[in-house]
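The structure appears below as structure tokens.
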Amino acid sequence: MLWSRDGLSAMSGTLPHFLQEPDDAYIVKSNPIKLRCRARPALQIFFKCNGEWVHQNQHTSLEHTELGTGLKIREVMINVSRQQVEDFHGPEDYWCLCVAWSHLGTSKSRKATVRIAYLRKNFEQEPQGMEVPINGMIVLHCRPPEGVPAAEVEWLKNEELVSSLEDINIDTRADHNLIINEARLSDSGNYTCLASNIVARRRSATATVIVFVNGGWSSWTDWSECNVRCGRGIQKRTRTCTNPAPLNGGAFCEGMSVQKSTCTSPCPVDGGWAEWTMWSVCSSECERQRTRECTDPEPKHGGRLCDGAALDTDNCTGDLCIQGGIKNKKVISELFLREFSNDVALYSGLAAGLVTVVVLVIAVTLYRRNQSEYGVDVIDSSALTGGFQSFSFKSARQGNPLLMNSSMQPDLTVSRTYTGPICFPDSMEKELIPEPALFDPLPDLKVKVHSSFMVSLGVSERAEYHAKAPSQTFPLSSMMTGKRPLRTSGVFGHGGGRLVVPNAGVSLLVPHGAIEEDTTWELYMSITHALSDEGQEILLSPEVTYGPPGLTFSCPVALTVAHCADVSSEDWNIKLKRQTQDNSWEEVMTVEEESTSCYCLLDTQCCHLLVERPGCYALVGEALTQAAGKRLRLAAFGNMEPNFLNYSIRVYCVDDTPHAFQEVVSVERGRGGRLLEEPKTLLFRANSFSLQVSIQDIPQFLWSIKPFTTCQEFSFSQVWCSSQSPLQCAFSLERYSPAANQLSCKISVRQVKGHEQILQVYTTIAENEKDTVPFFTQSDCTITSQTGSRAFKIPLSIHQRICATFDTANAKGKDWQLLAQKLHIDRNLGYFARQTSPSAVILSLWEAQHQERGDLDTLASALEEIGKVQSKHSTSADTLDRISKTIPSSDSTMNRSSEELDANHT
């Protein structure tokens, strides 16, 4: 007991020791907080706040004795309200501490601060959405709103908590930011920064993160076989943008998907016989032999073997062999028969050759006699082409060419090699042609239909029409009057229509429904000169602009542009370019590549484009081999000079497009020139050789020309890049006497190591020539646009039924693909697949492609073939049967159209 008392006495004699000190506290809203202190041994404990003692009445005390030691443990609590804290205005936060007393003295606890808790609404920095390439770093910044206590930050992805513990690729510890070291496709999503403390929780704006993949090229395929079996040709290889394919808006691959290269295929070498060997010694059977080998040359690369026998056997005659008399007689008779047969073959060949020569002489004589009866004729065939004029030439050649009168001249407006949209005829003439069902009766054209499928579309069985076109011949002196327009316009509405730049080979087809209902637009089309030849690329067509800018169509429009490229082989890389707002040019597509933004159908002389954005378009080309060629149009003009002694002949070499030729026409109209010969076409190759123009066969006793001026030359670059200005060379001839009023000569235009064309000049020189209106002027085209149904070959009702039929899926897939295949529009089908009505776009392209011919034979044949194919499948047959039942009988329609047509012509 004495030991225990001493121990208790010793412990009671120590300073108070705090078992619990007051903690920092936050006042949430208006709720007061409690501060606690507990100490032993303690006789008294009081709180002191902000340097002042808290009144004893505000204390709540508890006291008990600790078991085992007998020491007194005292616990004290006080309440601190929001008002007390707000009323305190000291240099520090509101604070409180405890002071405990014992027999030996006092002890102080730590200071506890009391603060009002809050969290503001607005983030100091919110995360921003971003697009990051795959394997790139994602950093989303977040600075939470100001608050007491400081807010803690968490991240949500698609409303699910992001944990850096579960994914080592994610770090959320750095200053509240979210860091993803290597972005993956799965990291794409909506991210939200979440800030919270004891008061509230705040959400930031959602940041969308997109992880994209840029497209990458696959490996090149193997080179294809050379496209020619012998000589120099083209081979190509392809690659696709699938390694990887672009995802989430990633960039498409840059560069070409098709690569072409020149190749040389070894030509087959046919075998040839070497010389015969010497005859062998005569055998006992009176025969001798000799041999030869097929080694001069040996057959190579699939060449043919030598024809004939390698072994020759002959009977010995004379003293070379002695046998019995009967055998000798047999040998002699065989030799006689052989010699006789050889003579018969010789004389037969001579007789056949003589007969052939006689026949040729008679044919040439008759041909020349017939040719001398022909004169120059310009035929108006606008009715035959459904509103488009094409001109045919019949060149006059008389017995004495010097007697040719200069007033009889060939047409200048269009060459025979191009038939394209010139201008529309007068509307009164158009009224003569009614608008029946699918096959309008076209002048001088027969259309027969034998397909039950066509009957279901509203066309009668075996419908046949005969119509006579009203003949009309323009006087030669009225061709091309007035200035050639470079711009045309027209007002179009929901019914669509067609717009044509006269004499330029350029037209625009606006399909029905491309413009919204109750809306009209004034569309224009013009030809500009904004693109120059750059590098290896040259301009192959006029630069055509259509507008107005900002106009949007519900479906693509068809733009037809003439070009001068020789597309018969794969020697060109042809591109479509469009002018941007900063007057630079961007590539829209390569003709041979597939594209979903534009479609290009390249014909021999025209390019038909399906475009959706107004703007300025042009075709450019890069020659891949020296075999690439472009067409040049050659024309010779002449007129007397003011002194009436000199005669000037000008030869033009321009791109073979109507627009380029019309520029020459405009120049010559101002000079009073006359066309001396029908324009001709020359194929100019990319072989870097120049173009030579020479004048020949001048009558030496009537005309003279300065020495060293009979031959002129254009360099290769001048001709190859001649799209901006026409090339011209002039020859000045002087006549010895004013009585010499007839001129005949020959003009040769040839490319060195290339093609050649001859322009034959026969003309009569008139003294009053300058007073004569030039014959190559054409009457103004007053109608350059057509709207509504008259602009289309296919009537609207039939057009809609075809679309409804082929846009419907059946057991074999989309019927429109079969329609495209039968119309030979089976490339780049992905472009049509994205259209609302693929069939309507296909028919618009067909309309543009066949605008100059004005016939429906190709469409009729295609639909007839499809009808046969569809009849083999029950599903398609049922569909067509239902269509035929819903369409009214076509007999009355066709008969009525025929009666109306006959009445109109009567």
Side-chain angles (χ1 to χ4, degrees), residues 385-388 390 417-422 496-501 504-512 514 523 525 527 540-546 553 555-568 572 574-578 588-621 656-659 786 791-794 799 816 819-832 835 838-856 858-859 862:
T385 56
F388 293 86
S390 61
T417 59
Y418 182 84
T419 54
I422 303 300
R498 196 189 305 267
L499 188 64
V500 173
V501 178
V506 176
S507 66
L508 181 70
L509 180 72
V510 181
H512 176 86
L523 303 184
M525 207 165 38
I527 298 179
L540 298 176
S541 73
E543 302 111 78
V544 179
T545 302
Y546 85 91
F553 297 102
C555 60
V557 297
L559 179 64
T560 298
V561 182
H563 68 82
C564 63
D566 176 29
V567 295
S568 59
W572 281 101
I574 300 178
K575 303 176 183 177
L576 176 66
K577 288 194 173 184
R578 177 174 54 215
V588 179
M589 66 175 296
T590 301
V591 171
E592 293 187 356
E593 291 184 352
E594 295 191 355
S595 172
T596 57
S597 62
C598 185
Y599 190 92
C600 179
L601 179 62
L602 195 64
D603 283 345
T604 304
Q605 295 166 342
C606 292
C607 180
H608 308 285
L609 304 172
L610 293 176
V611 293
E612 300 175 8
R613 292 174 49 189
C616 184
Y617 295 87
L619 281 181
V620 299
D656 186 26
T657 62
H659 171 256
Q786 281 188 328
F792 304 99
K793 310 300 178 189
I794 309 173
H799 183 283
W816 62 264
L819 176 65
Q821 178 184 356
K822 296 301 181 182
L823 294 180
H824 307 290
I825 310 175
D826 53 356
R827 186 184 60 83
N828 193 11
L829 294 183
Y831 176 83
F832 300 104
Q835 304 297 330
S839 301
V841 180
I842 292 172
L843 292 179
S844 297
L845 185 60
W846 183 91
E847 290 264 10
Q849 188 180 13
H850 295 81
Q851 58 181 299
E852 71 276 5
R853 290 190 293 272
D855 60 66
L856 299 171
T858 57
L859 182 60

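Hydrogens, waters and symmetry mates are skipped; everything else that's a heavy atom, side chains included, is used.
Relative orientation of the Y546 and Y617 rings is parallel, given thresholds of 30° and 60° on the angle between their planes.
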Problem - Chi angles and distances behind the side chain to side chain contact (heavy atoms under 4.5 Å, CB included) call for V544, V501 - result: CA-CA 10 Å; V544 179; V501 178; 5.9 Å; no
Handout entry: H799 vs L843, side chain to side chain contact (heavy atoms under 4.5 Å, CB included): CA-CA, chis, key distance, verdict
Key = CA-CA 8 Å; H799 183 283; L843 292 179; 3.6 Å; yes
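Contact record, A558 with S844: CB-O, 4.3 Å, taken as the closest heavy-atom pair. K575 and T590 make their closest contact through CG-OG1, 3.9 Å (heavy atoms, listed as atom of the first residue, atom of the second, distance). Between K793 and W846 the shortest heavy-atom distance is CB-CZ3, 4.2 Å.
In this view, S839 and D807 satisfy the side chain to side chain donor-acceptor pair (under 3.5 Å) rule, not counting sequence neighbours. Every residue two or more places apart in sequence or in another chain that forms a side-chain contact (heavy atoms from CB on, under 4.5 Å) with C607 is listed here: H563, C600, L602, L609, L619.
With a 4.5 Å cut-off on side-chain heavy atoms, M589 and S597 do not count as touching. V506 has its side chain out of reach of H659: every pair of non-hydrogen atoms, C-beta onward, lies at least 4.5 Å apart. Here the side chains of P511 and V557 are in contact, with some heavy-atom distance below 4.5 Å. Side chains of Y599 and I825 form a contact here, defined as non-hydrogen atoms less than 4.5 Å apart.
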